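See structure below.
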Protein chains: 2
Amino acid sequence: MNTSLAITNRSLHDQVVSRVRDLIIEGILEPGSRIDEASLIDELGVSRTPFREALRTLAAEGLVIVRPSKGSVVRKLTPEDVFAMLEVLGHLEQLAGELACQRASDQEIQALVDLHNRMLVHYRARDRMPYYKLNQEFHSRLTELSKNDTLQEMQRNLQARLKRIRYIGNQRPDSWAGAVEDHEAMVAALKARDGKRLGQAMARHIANTWDRVKDSI
Amino acid sequence: MNTSLAITNRSLHDQVVSRVRDLIIEGILEPGSRIDEASLIDELGVSRTPFREALRTLAAEGLVIVRPSKGSVVRKLTPEDVFAMLEVLGHLEQLAGELACQRASDQEIQALVDLHNRMLVHYRARDRMPYYKLNQEFHSRLTELSKNDTLQEMQRNLQARLKRIRYIGNQRPDSWAGAVEDHEAMVAALKARDGKRLGQAMARHIANTWDRVKDSI
DNA sequence: TTTTTTATTCTTGTATACAAAATACACAAC
DNA sequence: GTTGTGTATTTTGTATACAAGAATAAAAAA
């Protein structure tokens, strides 16, 4: 059995989508810049057909804008866009929190508490990158505990759109402590299976995110 | 000036997307059935390239499933899918209602009240189809009043995914009155700009939708 | 008869060629 | 120097050809 099966098994379409998505999130393709088909298909080693299909997928995801006959550009988020997305994401994660308290098993909750503890280790060591990665996972995993596929899908989508912004916002040192406090409150509420309290904590956490990132857009 | 400018101006891609979307919503392409590229491109009079790009858009919207090397199928919603979508939609419209109370102008609210009154006329006449259309519009317009583009986008997406189901659910006569009562409550709360109450009314209305449609999935 | 294998046909995936549109450029007129 | 116009170049959009894979049918073996 081939160990790289999971990768080779993915369709070319999915591979192109996620590679271009990464280029956008990492900022290699800058927000607002035109997407040059010729150079990118050259870089990726695929032909235009699958590449353009991938662009359609990314456009539907909201990462790319296709301007008919004028080429595609990396979507550039205005502060209003980001505020709107956080407003929705906050509400979705609030729902996720409430549902998680009803539907998650003790094991699942414990796994998330463990994840939180690992985050604390990175926080104390001021290891920003691993903390950031675990943070993304924390929110995804908590949303999974809602057992609502649609909710997961929408949360994933918004998280992807905001990933770039969040990463930039995380550069500022002073805000980190506040985020960790928020997480503490969330974990406590989850342990107590207090859905309302967890929901509110999550909504507040996302609202605080706005304060953390708003000046870096 | 050409009056059909708005239509001819749309890209072929958008046209194909919305035509196939309509075929799905109207049930001409049945849930679960394979999408035969050959016959559809023949019907639509386009070649495979733009058609397949349209499929990628529809897949990202959640109306179509692309199975690599095995063709695409119209997504068939399980009862669990529908429940999950309504759970999210209910929460999103709750947020929309709250924001509308804060952000909508008196004019905008009045326009929605007028729309509601037109719905009542159709209800009294038992004109199901025009009522149904205005009902879609009512929810869309109310969401617009939230002034949150992301919220509108997600609401639109969920509404499109559920359109088929809702239409079927609306066939049952007894549930109609309940839906109208819900709308009465929503309009009253909106007039009073009571965000919490409107939000709750909207969430309850969507929850009731589940009861209305659950036996027809 | 049932199962397995192999050949054929049909469908999907990708590359490429051509058409159409937009952009860039050069040059002229003002 | 600016504006306008026509041409060349580049880029995008669509059709089609070919390759690769899956489904089907036919033939051979159990």
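Keep in mind it's a predicted model, so treat the numbers as computed, not measured. To find a chain, count down the sequence lines: A is the first, B the second, and so on, and within it residues start at 1.
Non-hydrogen atoms lying under 4.0 Å from DNA chain C are contributed by B:R34, all within residues 27-35 of chain B. Using a 4.0 Å cut-off on heavy atoms, the residues of residues 37-50 of chain B that approach DNA chain D are B:V46, B:S47, B:R48, B:T49, B:P50, listed by number.
Counting only residues at least two apart or in different chains, ring-ring contact (aromatic ring centres under 6.0 Å, His included) contacts with residues 30-73 of chain A are absent. Each salt bridge (charged side-chain N to carboxylate O under 4.0 Å, His left out) pair with one or both residues in residues 154-166 of chain B, not counting sequence neighbours, appears once here: A:E153-B:R161. Pairs passing the ring-ring contact (aromatic ring centres under 6.0 Å, His included) check and including a residue from residues 63-106 of chain B, sequence neighbours excluded, read A:H91-B:H91, B:F83-B:W210. The side chain to side chain donor-acceptor pair (under 3.5 Å) analysis of residues 20-34 of chain A, with sequence neighbours excluded, yields the pairs A:R21-A:E61.
Atom CG in B:L12 sits roughly 17 Å away from atom P in D:dT12 (whole-Å rounding). The nearest whole Å value for the distance from the CZ atom in B:R67 to the P atom in C:dT12 is 9 Å. D:dT14 atom C1' lies 16 Å from atom CG of A:L55, rounded to whole Å.
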- Item | Verdict with supporting geometry, A:V113 and A:Q110, side-chain contact (heavy atoms from CB on, under 4.5 Å) | CA-CA 5 Å; A:V113 174; A:Q110 187 53 48; 4.0 Å; yes
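In terms of the ring pair (Phe, Tyr, Trp, His ring centres under 6.0 Å) criterion, A:H122 has no residue partners (sequence neighbours excluded). Not a single ring pair (Phe, Tyr, Trp, His ring centres under 6.0 Å) links B:H116 to another residue, sequence neighbours left out. In this view, B:H13 satisfies the ring pair (Phe, Tyr, Trp, His ring centres under 6.0 Å) rule with no residue, not counting sequence neighbours.
Place B:R56 and A:S69 on DNA chain C by their nearest nucleotides, and B:R56 ends up nearer the 5' end. Nearest-nucleotide positions on DNA chain C for A:K70 and A:E53 put A:E53 closer to the 5' end.
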